Protein chains: 2
Amino acid sequence: MAWLYRPRRGDAALESTELKKAGLKATLPRLKILDILENSNQRHMSAEDVYKALLDLGEEVGFATVYRVLTQFEAAGLVIRHNFEGGHAVFELERGHHHDHIVCVQCGRVEEFYDQIIEDRQRAVVASKGYEINDHALVIYGNCTKIDCPYRSRG
Amino acid sequence: MAWLYRPRRGDAALESTELKKAGLKATLPRLKILDILENSNQRHMSAEDVYKALLDLGEEVGFATVYRVLTQFEAAGLVIRHNFEGGHAVFELERGHHHDHIVCVQCGRVEEFYDQIIEDRQRAVVASKGYEINDHALVIYGNCTKIDCPYRSRG
DNA sequence: AGGTTAAATGAGAACGATTATCATTAGCAT
DNA sequence: ATGCTAATGATAATCGTTCTCATTTAACCT
């Protein structure tokens, strides 16, 4: 999966504070991973994406650590984990704006959307079934028609 | 995961025809698996669920075959595969009635629903993003409040 | 700054779900 | 019945992810 990571002067102090607030020690792997999540132009990154970004920065961080840190970030509310169709989880920085996702089941492309009518009905349906709504609540699966989707010629 | 399979006089001839129509030889594993999917009181079965049902019927069918057959059934349009949160895929007989799903992210419980307003908005959103809608399009994740959900006491 | 301690890391083993390999078996058209 | 091809079963391999445990490090206290 191609992606681009553009290093930027990291707000090391800010990020350190952000980690402390979350109750996490400001270790090098955690600072780097937070920095990558904040500066990547990919909104949804898999553990492997993050790992590769670390390699590209010349950081020697183990795969296990990447998973651990991402899981901790999730527990701390810094990121949201999505298990979209396709086997591997992707992580997204929690930015406070609720939105839902549409995922291409063929190429994995993800887009975000917000629709107030769906939000309202969604809440009604969930309540009527005896469920409590989840923050990352709704996923629509479809086939994208992007020119570079490898499976475009379907249905 | 508890489940119950109640054997019923299988419509062997019907099922055989059904397979032939799908372009699949009417082999014993395929007939049995189709029978299980049609007669289980679980609408969404994992490969393991199906495998266990076969064992309970006294059939010696390998795990690999279960996966292969389910994948073929999916390709043939006989079943729909869902990759809900939680790691393992579940399969549902294609019954022709479109519906969406709400999944408890804690215990994995699945319910089906249909809401015309959501259907309409969904179509509009998907089209506006340049996607083509998928049959099994929409999943809402939440926390169920069922008494037997092992994680019920969650904010 | 230096020492202490509990927490975090890294390497690799382990894991669970799924897929691939390949020799053997079984549908099904003749 | 026979033969051809596809399907099966046992098992190894793979993939994403988590666990284990010996080593390192951040944070706190002088």
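Bear in mind that the values here come from a model prediction, so they are computed numbers and not experimental data. Computation of the quantities below employed the complete heavy-atom set of this structure, encompassing side-chain atoms and omitting hydrogens, waters and symmetry-equivalent molecules. To find a chain, count down the sequence lines: A is the first, B the second, and so on, and within it residues start at 1.
- Aromatic ring pairs are classed by plane angle as parallel below 30°, tilted from 30° to 60° and perpendicular above 60°; the pair A:Tyr51 and A:Phe63 is parallel.
- The two atoms that bring A:Leu24 and A:Ala76 nearest to each other are CD1-CB, 4.4 Å, heavy atoms only.
- When the nearest nucleotides of DNA chain D are assigned to B:Lys25 and B:Val61 by heavy-atom distance, the more 5′-ward of the two goes with B:Lys25.
- The side chain to side chain donor-acceptor pair (under 3.5 Å) search around B:Gln72 returns B:Arg30, not counting sequence neighbours.
- We find the CG-CD distance between A:Leu55 and A:Glu48 to be 10.0 Å, quoted to the nearest 0.5 Å.
- The side chain to side chain donor-acceptor pair (under 3.5 Å) test applied to A:Thr65 returns A:Arg68, not counting sequence neighbours.
- Of all the heavy atoms in A:Leu70 and A:Ala47, the pair that sits closest is CD1-CA, 3.9 Å.
- Listed by chain and residue number, B:Glu112 satisfy the salt bridge (charged side-chain N to carboxylate O under 4.0 Å, His left out) test with B:Arg43 (two or more places apart in sequence, or in another chain).
- For the residue pair A:Ala89 and A:Asn83, the shortest heavy atom distance occurs at CB-OD1, 3.7 Å.
- Residue pairs meeting the salt bridge (charged side-chain N to carboxylate O under 4.0 Å, His left out) criterion with at least one member in residues 70-79 of chain B, sequence neighbours excluded: B:Glu74-B:Arg81.
- Where DNA chain D meets chain A (any atom under 4.0 Å from a heavy atom), the bounding nucleotides read 5' to 3' are D:dG16 to D:dA27.
- For residues 116-130 of chain A, the set of pairs meeting the salt bridge (charged side-chain N to carboxylate O under 4.0 Å, His left out) definition, not counting sequence neighbours, comprises A:Glu119-A:Arg123, A:Arg121-B:Asp115.
- Across all non-hydrogen atoms, the minimal contact from A:Gly130 to B:Thr145 is O-OG1, 2.6 Å.
- Shown here for A:Tyr131 and B:Val103, the closest heavy-atom pair between the two residues is CE2-C, 4.1 Å.
- Mapping B:Phe91 and B:Leu24 onto DNA chain C via the closest heavy atom, the residue that lands nearer the 5' end is B:Phe91.
- Residues that satisfy the ring-ring contact (aromatic ring centres under 6.0 Å, His included) test with B:His99, not counting sequence neighbours, are B:His101.
- The terminal axes of the helix from C:dA1-D:dT30 to C:dT30-D:dA1, fitted over 5 pairs per end, subtend an angle of 30° to the nearest 10°.
- For DNA chain C, the span of nucleotides reached by chain A at under 4.0 Å from its heavy atoms goes, 5' to 3', from C:dA7 to C:dG12.
- Near DNA chain C, meaning a heavy atom under 4.0 Å from it, residues 64-71 of chain B has B:Ala64, B:Tyr67, B:Arg68 in order of number.
- Residues A:Val126 and A:Ile133 approach most closely at CG1-N, 3.9 Å, considering heavy atoms.
- Across residues 75-84 of chain A, not one residue has a non-hydrogen atom less than 4.0 Å from an atom of DNA chain D.
- Looking at which nucleotide of DNA chain C each of A:Gly23 and B:Ala89 is closest to, the 5′-most match is held by A:Gly23.
- Looking at heavy-atom distances under 4.0 Å, B:Glu60 makes contact with sugar-phosphate atoms alone, never a base.
- Side-chain heavy-atom separations under 4.5 angstrom define the hydrophobic clusters, and A:Tyr114 shares its cluster with no other residue.
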